[in-house]
Undergrad: 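Please find one structure pasted underneath; my questions will follow.
As the structure lists them, so they are numbered: ligands from 1, and atoms in each ligand from 1. The structure presented is a predicted model; accordingly, all values stated were derived computationally and were not measured.
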Amino acid sequence: MHPPGADTVLVRYGDVGVKSSKVQRDMERALRENLGAMLARRGIDADVTGERTRPRVRVDPEELGRATDAAADVFGIVSASPCSVVEPTINAISEALAASARVDYEEGSFAVRARRAGERDDHPFTSEDLEREGGQAVWDAVPNPEVDLENPDHTYYVECRSEEAFVFTEKRPGPGGLPLGTQRPLVALLSGGIDSPVAAWEVMRRGAPIVPLYFDFEAYGGVDHVARTVESARTLAEYAPNHGFDLRVAPAGAAADRLVETTRETRMLSLRRFMLRVAEGLAREVGAVGIVTGEAIGQKSSQTSVNLATTDPATGLPVHRPLVTRDKQEIIRQAREIGTYEAATIEAGCNRIAPDYPETNATLETVEAAEPDLTPLVEETLSALETVAL
Ligand code: ATP
Ligand code: MG
């Protein structure tokens, strides 16, 4: 429940706040723009301000809940609070606290937590004064009050600045990280499975826009492979309203044919090396500076720590693997949270490229010895890249 009359969403950030002042100013600007774009994308009419202070959103009180949800999906934001803004005086703050308690306090215990931000002598009271007087106001406002400072059922927060004070009851967690667009883009290998969209989301969370690339192995995959990748790319795009992207699709049936003909135990490793080379070619074309995959150590035979060492040398670009240490269950939980899990459950044909006995302990030499010249396959694939608008 929001405090009565609340019309503002206050946002907090983490890593943005520890930057030098110039970088921080740029990041704050990016954060405000991204926040504005997210609100617009969801059809919420709002004002994003905060030139010299922390960003905040002013909206019609009717839209406050949706605006808070929107803010909590913006990269860089650690938490968002729907709040009412009042004069920075003990009276005004106490009144707002009491009003808030009257609408949401029926039973249980409470605490008031106050913080003063700003110059020391801005106000003739301390945060302890605010907590004591504000606590009294809440006490007087409800029928059966009980104070519990350790583990309260209701917490009423006050943040007092020089010019204004914020009263709120909720800190909705956001994704944290850095504002999208404050890093250079990365090519994200998106397979339509569970892992790769989570990996892509993780680098977006660190500020890097993505250029998603899907390999369509044609006869080797199912017809719905493309559909589920499009779905997960669409979900990711919802997090990037002003850094939108299309999905690149690489027709790779012929390349798979060639690898199936020429390789056996090391086939999947050559296939991955092929994918990395195509990704590198695309990255050079679009100005991306690295490649992202959903691999995790030991998740599959091609992802043993030994085998991972045979794939990276295929490209000069860094290969980022945000999920490298994650268990599948953790990845699934996160996929559900960010909304990409659904698409991954769309039925798709099984992958018939894998050999019966894939090598788990390959060396670069054995992979290279078995591998056909990848260059013509890579060039052919790059020239046939398609773009699917989302
Ligand atoms: P996912 O990891 O998305 O669930 P997966 O578990 O089937 O798919 P692998 O097939 O081992 O994983 O692939 C590992 C990584 O390689 C994926 O996370 C993804 O980044 C990339 N990848 C695999 N197949 C494709 C594809 N057809 N197109 C693009 N990238 C792919
Ligand atoms: Mg995987």
Undergrad: May I ask you to list the atoms of ligand 1 that are less than 4.0 angstrom from any heavy atom of Gln299?
TA: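 Contacts of ligand 1 toward Gln299, numbered from 1: 6 (O).
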
Undergrad: Is any N or O atom of Asp195, backbone or side chain, closer than 3.5 Å to an N or O atom of ligand 1?
TA: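 Among all N and O atoms of Asp195, at least one is under 3.5 Å from an N or O of ligand 1.
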
Undergrad: Could you say whether the N/O atoms of Ile194 and ligand 1 ever approach to under 3.5 Å?
TA: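 For ligand 1, there is an N or O atom that lies under 3.5 Å from one belonging to Ile194.
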
Undergrad: Within the structure, does Phe215 bring an N/O atom to less than 3.5 angstrom of an N/O atom in ligand 1?
TA: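 N/O-N/O distance under 3.5 Å: yes.
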
Undergrad: Counting from 1, what ligand 1 atoms have a heavy atom of Gly193 closer than 4.0 Å?
TA: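 Matching atoms, with element in brackets: 1 (P), 3 (O), 4 (O).
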
Undergrad: If we only count N/O pairs under 3.5 Å, is Gly294 in contact with ligand 1?
TA: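 Yes, at least one N or O pair falls under 3.5 Å.
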
Undergrad: Going from CG on Asn34 to CZ on Arg41, what distance comes out if it is rounded to the nearest 0.5 angstrom?
TA: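 Here the rounded value is 14.0 Å.
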
Undergrad: When you measure from the Mg ion (ligand 2) to the N, O or S atoms of Glu295, does any of those distances fall below 2.8 Å?
TA: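 Looking at Glu295, which is the residue asked about, there is no N, O or S atom under 2.8 Å from the Mg ion (ligand 2).
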
Undergrad: Using a strict cut-off of less than 4.0 Å between a Lys/Arg side-chain nitrogen and an Asp/Glu carboxylate oxygen, indicate whether Glu231 and Arg234 qualify as a salt bridge.
TA: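 A salt bridge links Glu231 with Arg234.
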
Undergrad: As a check for students: among Glu295, Gln303, Lys300, identify the option with a heavy atom nearest to atom 7 (O) of ligand 1.
TA: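 The residue whose heavy atom sits nearest atom 7 (O) of ligand 1 is Lys300.
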
Undergrad: Which atoms from ligand 1 have a heavy atom of Phe217 less than 4.0 Å away?
TA: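 Listed by number with element, the hits are 27 (N).
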
Undergrad: Quick check: does Ser196 have an N/O/S atom under 2.8 Å of the Mg ion (ligand 2)?
TA: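 Checking the Mg ion (ligand 2) against Ser196, no N, O or S atom falls under 2.8 Å.
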
Undergrad: Which of the numbered atoms in ligand 1 are below 4.0 angstrom from a heavy atom of Thr293?
TA: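 Answer, ordered by atom number: 20 (O).
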
Undergrad: With a heavy-atom distance limit of 4.0 Å, tell me whether Thr229 approaches ligand 1 through its side chain, its backbone, both, or neither.
TA: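 It is neither; nothing of Thr229 touches ligand 1.
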
